[in-house]
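Have a look at the structure below before the remarks.
Indexing begins at 1, ligand by ligand and atom by atom, following the structure's order. The basis for the numbers below is simple: all heavy atoms, side chains too, and nothing from hydrogens, waters or symmetry mates.
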Amino acid sequence: MMPTLIFLALFLLGLFLALRPLLGPKEPFPEPPRREELLRELEVLKEEVQNLEGEEKKLALARVVELERALEGWRPPKPRPFNPWPVALALGVVVLLGVGLWRYTLPRLPGETTVTARAEARELKALQDKAKRTGEVADLLAWGRRAYELKALDQAAEAYLEVLKKDPRNVEAVRRVGILLFMGGRPDEAEMFLEIAQHADPKAAEGWLFLGNIYFQKGQTQEAIAAWEKYLEVGGEARERVEGLIAMARAQAQGGKDGKSVYQARCAACHGAEAQGGLGPRLRGNPILKAPEAVREIVLKGRGQMPAVPLDEGELKALLDYLSSL
Ligand code: HEC
């Protein structure tokens, strides 16, 4: 959508620039005002000279000569001939932009997708007709698979449910119905179907992906991570995306706070990177760590040479957990 709009904006701008010289008459090129002033002065002087006498007349005449000399060689500017090049250049740019617009954005406009979608719809219709005619599981599966690929989810659901009627133990159908239920906003039923399917066929990566999504949506972070890890284990294709999901879930499980990094950021400068002590006393092995309430008090309020270190509840909890593990 965005590229289309940008292209369109550029196209209109180019069109405007190309047509601008043709809109309305061109202003004549303004003459330098100095010349006009000189001309006017000359006229006035020439009139006055006739009424002057003696020394004054001489001076005025001298000024007339000076002015005429200054104006010498000056001719009123000729109207400039029409220069077609800028217009041709701008029109060329417009044409190029137009071609670019047509070439790169039109395929994404509804027109072309309907054409391709029409071919796919015809193919799907043929599969559907065949499946309905024969009622064979294999034909129903072929129809369901293609519909699922083309994201014709209603048809996919219809086909796979039909498979389940004929063969309730068909794992692909159980799994796909589970996925379709999840996509249809029914996570509880989806979970049931997917758990059965993944139990029967643990090698099916897509089932683990969706099962992980369901668990995550329900707030069962650890189960979600386990399911996504299975997805990676069996060689699911969306590796990077799922690794990202796992990292995100892990961070969320820790409340986004990691005690060690809080320590390094807020305490290590004085107590040492290994908590071995420095400006502040040694903390590793320090008996005071057995009394987290006391540590909390010292951190939040400060003590003696140690300033108070303001931390939020999540950071503080993570930090205390970390310190008690030292
Ligand atoms: C600016 C340096 C500084 C920073 C930053 C600092 N401390 Fe301290 N800390 C000290 C000093 C100095 C003492 C000794 C205070 C005293 O008793 O006079 C101390 C004392 C303590 C004590 C008491 C130790 C004992 O044996 O009595 C604890 C526990 C402690 N700090 C934990 C922390 C933690 C946790 C952080 C990070 C959130 C932290 N400190 C950040 C300087 C610092």
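- Under 4.0 Å from ligand 1, the heavy atoms of Leu319 that appear belong solely to its side chain.
- For atom 31 (N) of ligand 1, the nearest non-hydrogen atom from the set Arg296, Gln305, Met306 comes from Met306.
- Applying the 4.0 Å criterion to heavy atoms of Pro281 picks out, from ligand 1, the atoms 11 (C), 13 (C), 14 (C), 19 (C), 20 (C), 24 (C).
- Using a cut-off of 4.0 Å between Lys/Arg side-chain N and Asp/Glu carboxylate O, Glu172 and Arg175 are scored as not salt-bridged.
- Interface of Pro307 with ligand 1, defined as ligand atoms under 4.0 Å from a residue heavy atom, comprises 1 (C).
- Contact atoms of ligand 1 toward Gly304: 18 (O) (distance under 4.0 Å to a heavy atom of the residue).
- The aromatic rings of Phe182 and Phe210 sit perpendicular, their planes meeting at an angle over 60°, well past the 30° parallel limit.
- Under 4.0 Å is where a charged nitrogen must lie from a carboxylate oxygen, and between Glu37 and Arg40 no such pair does.
- Protein heavy atom nearest atom 23 (C) of ligand 1, with residue, atom name and distance: Ile298 CD1, 3.7 Å.
- Contact check on Arg250 versus Glu229 returns a salt bridge, with a Lys/Arg side-chain nitrogen under 4.0 Å from an Asp/Glu carboxylate oxygen.
- Atoms of ligand 1 found under 4.0 Å from any heavy atom of Val299 (numbered from 1 in listed order, with element): 34 (C), 35 (C), 38 (C).
- A salt bridge links Glu158 and Lys132; the closest N-O separation between the charged side-chain nitrogens and carboxylate oxygens is under 4.0 Å.
- For ligand 1, the polar-atom distance check finds no N/O of Arg266 at less than 3.5 Å from any of the ligand's N/O atoms.
- Looking at Lys301 and Glu297, a side-chain N of the basic residue comes within less than 4.0 Å of a carboxylate O on the acidic one, giving a salt bridge.
- Relative to atom 26 (O) of ligand 1, the option among Leu279, Val262, Leu316, Asn286 with the closest non-hydrogen atom is Asn286.
- Close contacts of ligand 1 with Gly280, meaning ligand atoms under 4.0 Å from a residue heavy atom, involve 10 (C), 11 (C), 12 (C).
- With ligand atoms numbered from 1 in the order given, ligand 1 contributes 1 (C), 2 (C), 3 (C), 4 (C), 5 (C), 42 (C), 43 (C) to contacts under 4.0 Å with heavy atoms of Cys270.
- Nearest to atom 30 (C) of ligand 1 by heavy-atom distance, out of His271, Gln264, Arg303, is His271.
- No more than 12 heavy-atom neighbours from other residues, nucleotides or ligands sit within 6.0 angstrom of CD on Glu56.
- Numbered from 1 in the order shown, with element, the atoms of ligand 1 that lie under 4.0 Å from a heavy atom of Leu323 read 35 (C).
- The cationic atom of Arg176 (NZ for Lys, CZ for Arg) lies less than 6.0 Å from the six-membered ring centre of Tyr148 and within 45° of the ring axis.
- Counting only distance, with no hydrogens or angles, the side chain of Glu223 and the backbone of Gly212 share no donor-acceptor pair below 3.5 Å.
- Scanning all protein heavy atoms for the shortest distance to atom 28 (C) of ligand 1 gives Leu283 CD2, 3.7 Å.
- In this structure, Leu209 is a member of the same hydrophobic cluster as Met248, with clusters built from ILVMFWY side-chain heavy atoms closer than 4.5 Å.
- In this structure, atom 36 (C) of ligand 1 lies nearest to the protein heavy atom Cys267 SG, 2.9 Å.
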